[in-house]
Amino acid sequence: MINKYKLFNYLVLLSIFLLAACGSPDFEGPYNTASDPGRTGSYEETGPVPYFLAFADYPEADDKSGAKFPPLPIGEEFIAMSTAAGSIVLTEYGRYKWEQKLDSGETAAAAMCADDKMNIYLVTNKGNICSYDILGKKRWKTQIPDIDEKNLIFSDLLAVSDGILSATEEGQLLKFDFNGKLLWKRRTDAYYGKKFSADNKGNIYIISTLNENGQTDSLVCIDKSGKELWKKFYPGIRLIKHPVVSEDRIYFSGMLDVGPNRFSKVFVLDKKGKELFNKELNLLARYITVSNEGDFFVLGYNSGLGEAYSGMFCFDKDGKKKWDIYFDVAVPSAPAIDENKLSFIGRNNDEFGAYFISRDGRLIKIISLSDFPVFNLQPVYQRGSVMTLAGSQQLCLIRVDDTRINKFLDVFF
């Protein structure tokens with residue numbers, strides 16, 4: 001008589017095979033911590049984000065110091081983490097694969113990226129760009145030119161089709177090819193933000209800010225060769241966070257102080273820098289997510305003293321508001337969107353949760369994450385759009401996923 005447990009495992013493996021054979025999504029590079037180089041937050045083409053239960057994997061690495069930055073999903077199976085003690089750790093389907101110690105005194109200084117051959121790239125606190133292949137072999141290391149090593153703050157690396165991009169707080173923007181050759185660099189007197197975006201032609205969209213209220217910030221478009229295509233100034237407006245690039249539009253937000261009053265606006269431009277419209281919000285707009293259809297979702301929250309308070313606002317492609325919903329939590333990173341819902345991490349004091357909102361603005365579910373080790377508050381979305389977070393004080397991967405039995409039932413029923 002066939003053992004029922006073995007039969008069940010066989011059917012689960014068969015279901016996974018059938019999923020692959022029936023056209024599961026391609027996980028082709030380049031790979032960034034964002035959904036795409038435009039940072040739209042859209043995972044509509046990789047399947048629905050599961051929201052059944054939270055689990056944790058604890059890779060058996062020697063360095064268990066915790067991740068400094070969000071993990072990097074690479075392909076369908078791999079996740080790379082940069083630790084506080086200066087190691088790179090790779091997991092495969094949640095299990096430890098390898099780790100490599102960086103050179104003495106070096107740690108990652110920003111989120112990593114990878115190219116379409118799964119080579120990994122990181123920038124270190126000493127201003128070096130390093131690359132490792134997917135097997136853990138060091139490929140090369142190069143120094144970023146003309147930097148002040150005493151106080152380095154870097155943007156998250158961004159991989160595009162023909163190279164990797166890095167920016168520094170002191171106003172440098174650089175592009176390297178995948179072999180470590182510096183292709184070009186630009187310098188400005190202003191500060192480049194922690195993140196920036198690119199379109200499918202390799203054009204870069206980056207906010208240049210003086211980081212002070214009442215000054216004049218700008219949005220800059222630079223082509224793949226480093227040439228400035230256009231620059232749009234915003235007198236008196238402080239631009240915050242990073243632009244989002246989707247199809248033929250650019251989305252970003254800013255704030256304006258008029259006397260004792262503060263106004264928050266979302267700007268929508270075409271690819272030539274022409275403003276199509278702007279929307280004013282009653283909360284400080286912090287993050288923007290854009291669907292494939294052109295609906296855009298703005299996450300605003302007020303921080304500081306008192307209770308956390310956030311709101312999500314949905315607009316159609318023409319800027320007409322469709323709905324809004326409010327929460328008594330702070331939302332520290334951009335929401336993600338799949339084919340039928342949005343998801344994000346919410347925090348209220350020491351309570352943490354994964355929130356799931358329908359695309360018509362209804363709260364579907366909250367999954368508590370408060371009992372897990374302390375984690376980096378920016379989720380990434382692993383294979384099959386699985387929400388994944390990296391432990392920041394203890395090396396682990398926390399994921400919100402479905403059970404094997406539910407995945408099996410989804411295939412056959």
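Within the 3.5 Å criterion, the main-chain N or O of A34 finds no donor-acceptor partner in the side chain of N32. For the pair N348 (side chain) and E351 (backbone), a donor-acceptor distance under 3.5 Å is absent. Using modelled atom types, one side-chain atom of Q172 and one backbone atom of D146 make a donor-acceptor pair closer than 3.5 Å. A donor-acceptor pair is defined here as one N or O able to donate and one able to accept, closer than 3.5 Å; no such pair exists between the side chain of K185 and the backbone of K175.
For G193 against S155, the heavy-atom pair with the smallest separation is O-CB, 3.6 Å. Across every non-hydrogen atom of L72 and Y31, the tightest pair is CD1-O, 3.8 Å. I129 and W140 make their closest contact through O-CZ3, 3.4 Å (heavy atoms, listed as atom of the first residue, atom of the second, distance). Among all heavy-atom pairs drawn from L210 and T216, the shortest one is CD1-O, 4.1 Å. Across all non-hydrogen atoms, the minimal contact from V245 to T40 is O-CG2, 3.3 Å. Here the shortest heavy-atom pairing between Y381 and S385 reads CD2-O, 3.5 Å.
Comment: K126 does not engage D103 in a salt bridge, judged by the lack of any side-chain N to carboxylate O separation of less than 4.0 angstrom. Salt bridge K224/D162: present, at least one basic N to carboxylate O contact under 4.0 Å. A salt bridge does not link D217 with R238: none of the charged nitrogens is closer than 4.0 Å to a carboxylate oxygen. At a threshold of 4.0 Å, the pair K317-D295 does not count as salt-bridged, since none of the basic side-chain nitrogens sits closer than that to a carboxylate oxygen. Note on E339 versus R359: no salt bridge recorded, every NZ/NE/NH1/NH2 to OD/OE distance being 4.0 Å or above. A salt bridge links E106 with K141; the closest basic N to acidic carboxylate O contact falls under 4.0 Å. The residues K320 and D318 are annotated as not salt-bridged, no charged nitrogen and carboxylate oxygen being separated by less than 4.0 angstrom.
Within a 6.0 Å radius of CD in E280, more than 12 heavy atoms belonging to other residues, nucleotides or ligands are found. In E247, the CD atom is not crowded: 12 or fewer heavy atoms of neighbouring residues, nucleotides or ligands sit closer than 6.0 Å. Surrounding CZ of R187 are more than 12 heavy atoms belonging to other residues, nucleotides or ligands, all under 6.0 Å away. At most 12 heavy atoms of other shown residues, nucleotides or ligands fall within 6.0 angstrom of atom NZ in K181. Around NZ of K365, the count of heavy atoms belonging to other residues, nucleotides or ligands within 6.0 Å exceeds 12. Around NZ of K137, the count of heavy atoms belonging to other residues, nucleotides or ligands within 6.0 Å does not exceed 12. In the displayed structure, K97 atom NZ is contacted under 6.0 Å by at most 12 heavy atoms of other residues, nucleotides or ligands. Counting non-hydrogen atoms of other residues, nucleotides and ligands closer than 6.0 Å to CG of N261 gives a total above 12.
Side chains of S392 and N376: a donor-acceptor N/O pair is absent below 3.5 angstrom, by distance only. Judged by distance alone, the side chains of Y192 and T209 never bring a donor and an acceptor atom under 3.5 Å apart.
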Inset, instruction - Before giving the answer on side chain to side chain donor-acceptor pair (under 3.5 Å), spell out for S42 and S35 the whole-Å C-alpha distance, their side-chain angles and the decisive distance to 0.1 Å. - result: CA-CA 6 Å; S42 172; S35 59; over 6 Å; no
Verdict with reasoning, E99 to I88, per side-chain contact (heavy atoms from CB on, under 4.5 Å) | CA-CA 5 Å; E99 65 187 294; I88 306 301; over 6 Å; no
Note to self: If you apply the rule side-chain contact (heavy atoms from CB on, under 4.5 Å), what do you find for I144 with N128, and how did you get there?
What the structure shows: CA-CA 6 Å; I144 294 176; N128 293 310; over 6 Å; no
query = Given the rule in the salt bridge (charged side-chain N to carboxylate O under 4.0 Å, His left out) test, do D57 and R95 qualify, once you have shown the distances and angles that lead to the verdict?
reply = CA-CA 7 Å; D57 297 316; R95 296 181 180 180; over 6 Å; no
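The one candidate from F327, Y51, Y287 that meets the ring-ring contact (aromatic ring centres under 6.0 Å, His included) condition with F344 is F327.
Contact check for Y309 versus V329: no side-chain heavy atoms found under the 4.5 Å cut-off.
Taking the six-membered ring where the residue is Trp, the centroids of Y251 and Y205 are separated by 6.0 Å or more. Between Y234 and F267, the ring center distance clears the sub-6.0 Å criterion. Proximity of the aromatic rings of Y301 and Y326 is defined here by a centroid distance below 6.0 angstrom, and this criterion is not met. Note: F375 and F352 meet the aromatic proximity criterion, with ring centroids under 6.0 Å apart.
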Show me the side-chain donor-acceptor pairs of residues 111-121 shorter than 3.5 Å, one per line, residues at least two apart or across chains.
unit_1: D115; atom_1: OD1; unit_2: K117; atom_2: N; d: 2.8
unit_1: D115; atom_1: OD1; unit_2: M118; atom_2: N; d: 3.1
unit_1: D115; atom_1: OD1; unit_2: N119; atom_2: N; d: 3.0
unit_1: D115; atom_1: OD2; unit_2: N119; atom_2: ND2; d: 3.1
unit_1: D115; atom_1: OD2; unit_2: Y121; atom_2: OH; d: 2.5
unit_1: Y121; atom_1: OH; unit_2: R139; atom_2: NH1; d: 3.2
unit_1: Y121; atom_1: OH; unit_2: F178; atom_2: O; d: 3.3

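Once rounded to the nearest 0.5 Å, the distance linking NZ of K241 with CG of L299 reads 10.5 Å. To the nearest 0.5 Å, atoms OG1 (T107) and NZ (K101) are separated by 9.0 Å. For the atom pair N213 CG and I237 CD1, the distance stands at 11.5 Å (nearest 0.5 Å). Here the CG atom belonging to L369 is positioned 9.0 Å from the CG atom belonging to D371, to the nearest 0.5 angstrom. Here the NZ atom belonging to K279 is positioned 9.0 Å from the NZ atom belonging to K321, to the nearest 0.5 angstrom. Rounding to the nearest 0.5 Å gives a distance of 8.5 Å between SG of C221 and NZ of K271.
K195 meets the side-chain contact (heavy atoms from CB on, under 4.5 Å) test with R39, D156, H242, Q378; sequence neighbours excluded.
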